[in-house]
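Notes follow once the structure below has been shown.
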Amino acid sequence: MEKPSLPKGTRDFGPSQMLKRQYLLQTIRTIFTRYGFLPIETPAMENLNVLTGKYGDEGDQLIYKILNSGDFIKDINEEQLLEGSKKILPKISKKALRYDLTVPFARHVVMNRNEITFPFKRYQMQPVWRADRPQKGRYCEFMQCDADVVGTDSLLCEAEIVLMIHEAFAALGITDFIVKINNRKILTGIADAIGKVGCETDLCVAIDKLDKIGQDAVLAELRTKDFTELQLTTLLPIFNLKGTHTDIFPTLRTLLKDSSTGLKGIEELERVYELIEKSGLPNAFVETDLTLARGLSYYTGAIFEVKILNVQMGSVCGGGRYDNLTGVFGLPNVSGVGISFGIDRIYDVMNELNLFPSQDSNATKLLICAFDALTFEHALPLVTKLRAKGINTELYPEPLKIKKQLSYADDKKIPFALLIGEDEMKSNIYSLKNMITGEQFNVNLDDTIQKVLAHA
RNA sequence: GUAGAUGUAGCUCAGCCGGUUAGAGCAUCGGUUUGUGGUACCGAGGGUCGUGGGUUCGAGCCCCAUCAUUUACCCCA
């Protein structure tokens, strides 16, 4: 006998988990809809070349590739094998599981450009797959909830993303969170300003560790990446930029005065702050974090990440603006910006903080217990009538011992049981048992309907 | 890729210095109660101690290997 098992980083969801997940998804869906986003879905798999090259080298490594059907190795000779897996990959795999929802969305936009009215706002809630090493809050299969708008440069979209995040977390009861915001143009500007054009990634990776390993260790790491002492000295003031955006931006503007890209980034961020404030959210939980870089290589403007405070968990939301994602598929000048809620992490956090409301109201309300075959038949039309009244009703599928049937009701937390024996069948007066209080009433069908509905 | 931790009943875990027949709680099933659950009491089933080798008179315990799980780093939602 083989023992069943699950691939690592994947999970089953039982009924109680699913009810909570659906609540979470529904809450976010409602808010996306309120902001004018409409749903689409795309296939679990994409052609491999659609996905590769969009996420950076690390990202490409983590894409699950699907082997070609049939004899996938038939066109490979020994010589090619020796060239290594990277070379033969395109020969043995043409498809892959999607790594995020943004790239498939860009692909969808390009393919449907003639039907789509721009700006196009869509949301998408589907699983994605990453061949990562699982650990706390990290899974190989997880659900993302994306809202993106493409076809406009307007910074209102960035501002509305921040508003949506606030509204979503408020609806979920999460109050201690912070939206970290940055702009890739500022990062480019910083690299320009110290004369390391194009090295913003190395820079960010190092700066990001400032809190963890300290300034000296960061400088040491940068030296190994060929940063000169002069460049590091120029960089130093940037390390100390702390406080609100109004504190940071004047200094930053001076530091980046020679980089037109950097200045543009500052200007954009300032406008986003202004729009958020004018939309009526003056005390937004937003913080400019110059060390925020984000690995996905397609971002070009604003970048976001949301951290929940007081909980040990990586970021639960991420997103940003991408100017050229549709461009790589042949549709230039369509800028997009979006946000992705990582609902598996949000689920874990809400569970930890006990924020899920009871989901009992979604489950069965009434269990009908028949004592024997005859009363079982009698119960059949009753079930239909009760269901027609909108009451979630079950008839225990076999007329077993009442003990057994009530145990089932208790186990499933069904609040009412309707007992039907010979006497009840003859009189049409049934015993309705309240499973919570233990009280029992003699009722007809109408009373049953009323009592059960009243309980809800 | 790097480093650590852990694998004992369906689940969570005890198991002393290496010593006789490997335990508990929960869960499951049965009974006390053949028309009444959740509480209580009684009882039952359930184990190749991850796997393979080694040391030893003797291994759940020590050593080696291997597999699996998990945590942290990197990176990410």
Side-chain angles (χ1 to χ4, degrees), chain A residues 1 3-11 14 24 28 55-63 98-102 125-146 165 201-202 204-206 208-209 212-213 221 292-297 299 303-308 312-320 338-349 367 369-372 375 396 399-425 430-441:
Chain A
M1 186 185 69
K3 275 187 190 160
S5 64
L6 230 38
K8 65 173 162 187
T10 69
R11 298 141 304 151
L24 187 49
I28 292 173
Y55 307 109
D57 286 343
E58 296 238 23
D60 284 358
Q61 298 281 320
L62 299 179
I63 295 172
R98 63 168 167 253
Y99 179 87
D100 72 355
L101 300 176
T102 309
M125 302 178 153
Q126 292 190 272
V128 304
W129 293 270
R130 296 185 186 178
D132 216 340
R133 278 191 196 221
Q135 52 189 268
K136 183 176 165 136
R138 172 181 294 184
Y139 307 99
C140 296
E141 177 185 61
F142 62 99
M143 183 82 84
Q144 286 196 328
C145 303
D146 278 33
I165 291 169
T201 310
D202 284 344
C204 295
V205 167
D208 189 39
K209 296 176 189 159
K212 286 181 204 161
I213 62 177
E221 178 168 331
L292 179 63
R294 298 191 49 75
L296 305 185
S297 51
Y299 292 123
I303 42 186
F304 309 98
E305 227 170 76
V306 181
K307 268 286 289 174
I308 296 180
Q312 177 66 34
M313 180 64 73
S315 70
V316 294
C317 262
I339 187 71
S340 177
F341 287 75
I343 73 128
D344 297 84
R345 286 185 176 179
I346 297 174
Y347 177 98
D348 289 348
V349 166
L367 178 73
C369 308
F371 283 90
D372 52 38
T375 49
Y396 196 89
L400 297 182
K401 285 194 293 193
I402 290 306
K403 179 186 173 70
K404 183 93 181 168
Q405 301 192 38
L406 288 177
S407 287
Y408 173 81
D410 189 57
D411 208 55
K412 256 184 111 169
K413 299 197 175 4
I414 299 173
F416 289 100
L418 192 70
L419 307 178
I420 305 182
E422 201 179 339
D423 297 345
E424 286 88 344
M425 182 173 65
Y430 313 109
S431 301
L432 180 68
K433 186 180 179 78
N434 182 322
M435 295 297 289
I436 299 154
T437 62
E439 290 173 291
Q440 209 157 311
F441 309 94

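As the structure is a computational prediction, the values presented were derived from the model and not from experiment.
Between the side chains of A/Ser407 and A/Asp410, not a single donor N or O lies within less than 3.5 Å of an accepting N or O.
At a threshold of 4.0 angstrom between heavy atoms, the contacts of A/Cys317 are confined to the sugar-phosphate backbone, with no base atom among them. Note on A/Glu424: a base of the nucleic acid sits closer than 4.0 angstrom, heavy atoms only. Within 4.0 Å (heavy atoms only), A/Leu419 reaches at least one base atom of the nucleic acid. Among the heavy atoms of the strands, none lies under 4.0 Å from A/Asp100. Counting non-hydrogen atoms under 4.0 angstrom, A/Gly438 reaches a base of the nucleic acid. When heavy atoms are screened at a 4.0 angstrom cut-off, A/Ser340 is found touching no nucleic acid atom at all. Residue-level contact check: A/Ile436 touches the bases, meaning some heavy atom is under 4.0 Å from a base atom.
Atom C1' of B/A5 sits at a distance of 23 Å from the matching atom of B/C16, rounded to the whole Å. Between B/G23 and B/C49, the two C1' atoms lie 12 Å apart (nearest whole Å). The gap from the P atom of B/A9 to that of B/A14 amounts to 12 Å, rounded to the nearest Å. Only the P atoms considered, B/G15 is 16 Å distant from B/G60, to the nearest whole Å. Rounded to whole Å, the separation between the C1' atoms of B/G7 and B/G43 comes to 32 Å. Atom name P, nucleotides B/G52 and B/C61: the rounded distance is 13 Å, in whole Å. Of the P atoms belonging to B/U71 and B/U32, the separation is 47 Å, rounded to the nearest Å. Spacing of C1' atoms, B/U21 relative to B/U28, comes out at 25 Å, to the nearest Å.
Under 3.5 Å, the side chain of A/Gln440 and the base of B/U36 form at least one donor-acceptor pair of N or O atoms. Judged by atom type and distance alone, A/Asp410 reaches the base of B/G37 through a side-chain donor-acceptor pair under 3.5 Å. A donor and an acceptor atom never sit less than 3.5 Å apart when one is taken from the side chain of A/Lys401 and the other from the base of B/U34.
Counting only heavy atoms from C-beta on, A/Lys136 has its side chain closest to B/A72 among B/A72, B/U36, B/C75. The side chain of A/Tyr139 has B/A77 as its nearest neighbour among B/A77, B/G35, B/U70. In the set B/U36, B/C74, B/U70, B/U70 carries the atom at the smallest distance from any side-chain atom of A/Lys8. Of the listed nucleotides (B/C29, B/U36, B/U71), B/U36 has the atom at the smallest distance from the side chain of A/Leu406. Candidate nucleotides B/U2, B/A77, B/U36 were compared by shortest atom distance to the side chain of A/Ile402, and B/U36 ranks first.
By the 30° and 60° cut-offs, the orientation of the rings of A/Tyr396 relative to A/Tyr408 is perpendicular.
Considering only side-chain N and O atoms, A/Lys403 lies nowhere under 4.0 angstrom from the phosphate OP1 or OP2 of B/C29. Dashed line: the shortest gap from a side-chain N or O of A/Gln135 to OP1 or OP2 of B/A72 is under 4.0 Å.
Across every strand in view, B/C75 sits unpaired, with no contact that passes the Watson-Crick or G-U test at under 3.5 angstrom. A 3.5 Å limit on both hydrogen-bonding distances identifies B/C42 as the Watson-Crick or G-U partner of B/G30. With both pairing distances under 3.5 Å, B/G25 is matched to B/C11 as a Watson-Crick or G-U wobble pair. Nucleotide B/A59 forms a pair with no other nucleotide shown, judged by Watson-Crick or G-U wobble geometry with both contacts under 3.5 Å. Nucleotide B/A65: paired with B/U51 (Watson-Crick or G-U wobble, both distances less than 3.5 Å). Nucleotide B/G35 has no partner under the Watson-Crick or G-U criteria, as no pair reaches both atom distances under 3.5 Å.
In this structure, A/Arg138 atom CZ and B/A72 atom P are separated by 9 Å, rounded to whole Å. The distance between atom CD of A/Glu422 and atom P of B/U36, rounded to the nearest whole Å, is 16 Å. A/Arg345 places its CZ atom 14 Å from the P atom of B/C75, with the value rounded to the nearest Å. In this structure, A/Glu305 atom CD and B/C75 atom P are separated by 12 Å, rounded to whole Å. Atoms CZ (A/Arg133) and C1' (B/U71) sit 12 Å apart, rounded to a whole Å. As a whole-Å value, the separation of A/Asp132 CG from B/A72 P is 12 Å. At whole-Å resolution of the value, CG in A/Leu367 and P in B/U36 are 16 Å apart. At whole-Å resolution of the value, CZ in A/Phe416 and C1' in B/U36 are 16 Å apart.
B/G35 has no stacking from A/Phe371 on its base ring, since the centres under 5.5 angstrom apart and planes within 30 degrees of parallel are not both found.
By the 6.0 Å contact criterion, CD on A/Gln135 is enclosed, its count of non-hydrogen atoms from other residues, nucleotides or ligands being greater than 12. Heavy-atom neighbours of A/Gln312 CD from other residues, nucleotides or ligands within 6.0 Å: at or below the threshold of 12.
Side-chain atoms of A/Gln61 do not come within 3.5 Å of backbone N or O of A/Glu58 as any donor-acceptor pair. With A/Arg11 contributing its side chain and A/Glu141 its backbone, the two residues share a donor-acceptor pair below 3.5 Å. Checking side-chain atoms of A/Asp372 against main-chain N and O of A/Thr375 turns up a donor-acceptor pair under 3.5 Å.
Taking CD1 of A/Ile436 as the reference point, atom NZ of A/Lys413 lies at 10.5 Å (rounded to 0.5 Å). Distance check: A/Cys369 SG to A/Ile420 CD1 gives 8.5 Å after rounding to the nearest 0.5 Å.
Nearest-nucleotide assignment on RNA chain B puts the 5′-proximal partner with A/Pro134, out of A/Pro134 and A/Gly137.
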